[in-house]
Amino acid sequence: MVHANKVMIELKRARAEIQSQKEAKIKLGLPPIIGNFYFSKFIPQLTKQGLVSKLNTDSFGSEETLAKLLSGDINLALIGSSEPLRSPDLKLFLLRQNPFTIITGSRKDSIKLPKLLSFSQAAVNPFIVFNEGFVHNKAFSYFNLSADVSPQIIYKTTDIGILKNMVSHNAGIGLLTDLAIDSHDKLITHAIIDDNQPLFNIYLAYRRNYQLSIDEKKFVKLFQSHVLRNKKAPGF
């Protein structure tokens, strides 16, 4: 039964891969935060290489994106993780690392916190958090366990815009990677000083036994070349 199930999974993947080759599309998994605040910066380069029109993207949280990649529903993915990602079935390339930060609103009546703080200091305030399946949720659980706290959660969402807006209007505070903070956000960031804290890791991933198309090889090479050029830059 175990062997038969593995064969059926491989057969499903093979059929999906054959169909992908016929469609000549890059089936890409792209979680919302990575899509909005990291991937979007590569659009000019992707356009120059004629790859934008080849993209067929699905946008889910990183956990669901990983599951779809392993099942063969998508062939390439940018995946977020709050811990080093390892899988014998995947080829993984670390693209970027960013810290998590506490965010508060910038209005006069917003919650006041020091610019540098421990998570236990932040935890006395109510939080707005992401739903299950988001990297931030795992990081939030890690901080809670490490600091031995159980902060009040007043709202859960899958939408980063809603989370930011609620924090900016002083409904609570949030935990967010600094990658997702824009200069126009009405937010204040507070660096967490706890030891051994998790990072927001972005990986490019595809199945180890998957044969990349010519366009997919161009896509992978573009991101790998960017990392090699920027190894010494902040966040790498």
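In this chain, numbering begins with 1 at the start of the sequence shown. In this text the structure is predicted, and so the values were computed from the model without any measurement.
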Non-neighbouring partners of Phe93 that pass ring pair (Phe, Tyr, Trp, His ring centres under 6.0 Å), sequence neighbours left out: none

Validation row: Leu78, Tyr203 side chains within 4.5 angstrom (heavy atoms): no

Value rounded to 0.5 Å, distance of CG in Leu179 from CD1 in Ile202: 5.0 Å

Backbone N/O of Ala122 and side chain of Asn125: donor-acceptor pair under 3.5 Å: yes

Heavy-atom donor-acceptor pair, Lys115 side chain to Thr189 backbone, under 3.5 Å: yes

Asn36: side chain to side chain contact (heavy atoms under 4.5 Å, CB included) partners, not counting sequence neighbours: none

Verify same cluster id: Leu28, Phe60 (apolar side-chain graph, 4.5 Å): no

Phe127-Phe119 aromatic ring centre distance below 6.0 Å: yes

Within 6.0 angstrom of Lys41 NZ, more than 12 heavy atoms from elsewhere: no

Residues clustered with Ile193, ILVMFWY side-chain links under 4.5 angstrom: Leu116

Closest approach of Ile173 to Ile111 (non-hydrogen atoms, all atoms of both residues): CG2-CD1, 3.7 Å

Ser213 and Phe219, any side-chain heavy atoms less than 4.5 Å apart: no

Check: Leu228 and Ser225 side chains under 4.5 Å, non-hydrogen atoms: no

Short side-chain to backbone donor-acceptor contact, Tyr155 and Val129, under 3.5 Å: no

Lys54 with Glu216: basic N within carboxylate O range, under 4.0 Å: no

Minimum side-chain heavy-atom gap Arg207-Lys91 below 4.5 Å: no

Any side-chain heavy-atom pair of Leu70 and Lys68 under 4.5 Å: no

same_hphob_cluster(Val135, Leu204) at 4.5 Å side-chain heavy-atom cutoff: yes

ILVMFWY network linking Leu92 to Leu199, side-chain heavy atoms under 4.5 angstrom: no

Glu83 side chain vs Pro198 backbone, donor-acceptor pair below 3.5 Å: no

Least distance between heavy atoms, Ile33 atom then Ala180 atom: CG2-CB, 4.1 Å

Heavy-atom donor-acceptor pair, Gln45 side chain to Phe42 backbone, under 3.5 Å: no

From CG (Asn137) to OG (Ser62), nearest 0.5 Å: 12.0 Å

Short side-chain donor-acceptor distance under 3.5 Å, Thr104 and His190: yes

Salt bridge (charged side-chain N to carboxylate O under 4.0 Å, His left out) pairs, two or more places apart, involving residues 99-108: Arg107-Asp109

Whether Glu64 side chain and Gly61 backbone form a donor-acceptor pair below 3.5 Å: no

Heavy-atom donor-acceptor pair, Ser59 side chain to Leu30 backbone, under 3.5 Å: yes

Exercise: identify the closest heavy-atom pair between Ile26 and Leu76: CG2-CD1, 3.7 Å

Approximate separation, where rounding is to 0.5 Å, of Asn56 CG and Ser53 OG: 12.0 Å

Electrostatic pair Asp89:Arg208 at N-O distance under 4.0 angstrom: no

Side-chain heavy-atom pair Val220, Leu212 within 4.5 angstrom cut-off: yes

Test log, rule side-chain contact (heavy atoms from CB on, under 4.5 Å), inputs Phe37 and Thr177: CA-CA 10 Å; Phe37 300 99; Thr177 172; over 6 Å; no

Backbone of Gln121 reached by a side-chain donor or acceptor of Ser118 within 3.5 Å: yes

Reported OG-to-NZ distance for the pair Ser81 and Lys138, which is rounded to 0.5 angstrom: 6.5 Å

Lys164 atom NZ, over 12 foreign heavy atoms within 6.0 Å: yes

Counterpart residues, ring pair (Phe, Tyr, Trp, His ring centres under 6.0 Å), relative to Tyr206 (two or more places apart): none

Under 3.5 Å: donor-acceptor pair, side chain of Asp159, backbone of Gly161: yes

Ring geometry between Phe200 and Phe100 (parallel below 30°, tilted from 30 to 60°, perpendicular above 60°): perpendicular

Asp182 atom CG, over 12 foreign heavy atoms within 6.0 Å: yes

CD1 on Ile153 to CD1 on Ile128, rounded to 0.5 Å: 11.0 Å

Closest non-hydrogen atom pair, Val149 against Ala123: CG2-CB, 3.7 Å

ILVMFWY cluster, Leu222 and Val227 together (side-chain gap under 4.5 Å): yes

Pairwise side-chain contact, Phe140 with Leu145, heavy-atom cut-off 4.5 Å (strictly under): no

Ser71 versus Asp73, side-chain donor and acceptor atoms under 3.5 Å: yes

Test item: Leu95 and Asn201 side chains (from C-beta on) under 4.5 Å apart, heavy atoms: no

For Ile74 against Gly29, the heavy-atom pair lying closest together: CD1-CA, 3.6 Å

For Tyr142, all residues meeting ring pair (Phe, Tyr, Trp, His ring centres under 6.0 Å), sequence neighbours excluded: none

Phe130 six-ring face occupied by Lys156 cation (under 6.0 Å, within 45°): no

Co-membership, hydrophobic cluster, residues Ile188 and Leu113, 4.5 Å side-chain: no

Nearest atoms (heavy-atom pairs only) where Thr65 meets Ala77: CG2-CB, 3.7 Å

Gap between atom CD1 of Ile102 and atom CG of Leu187 - 0.5 Å precision: 12.5 Å

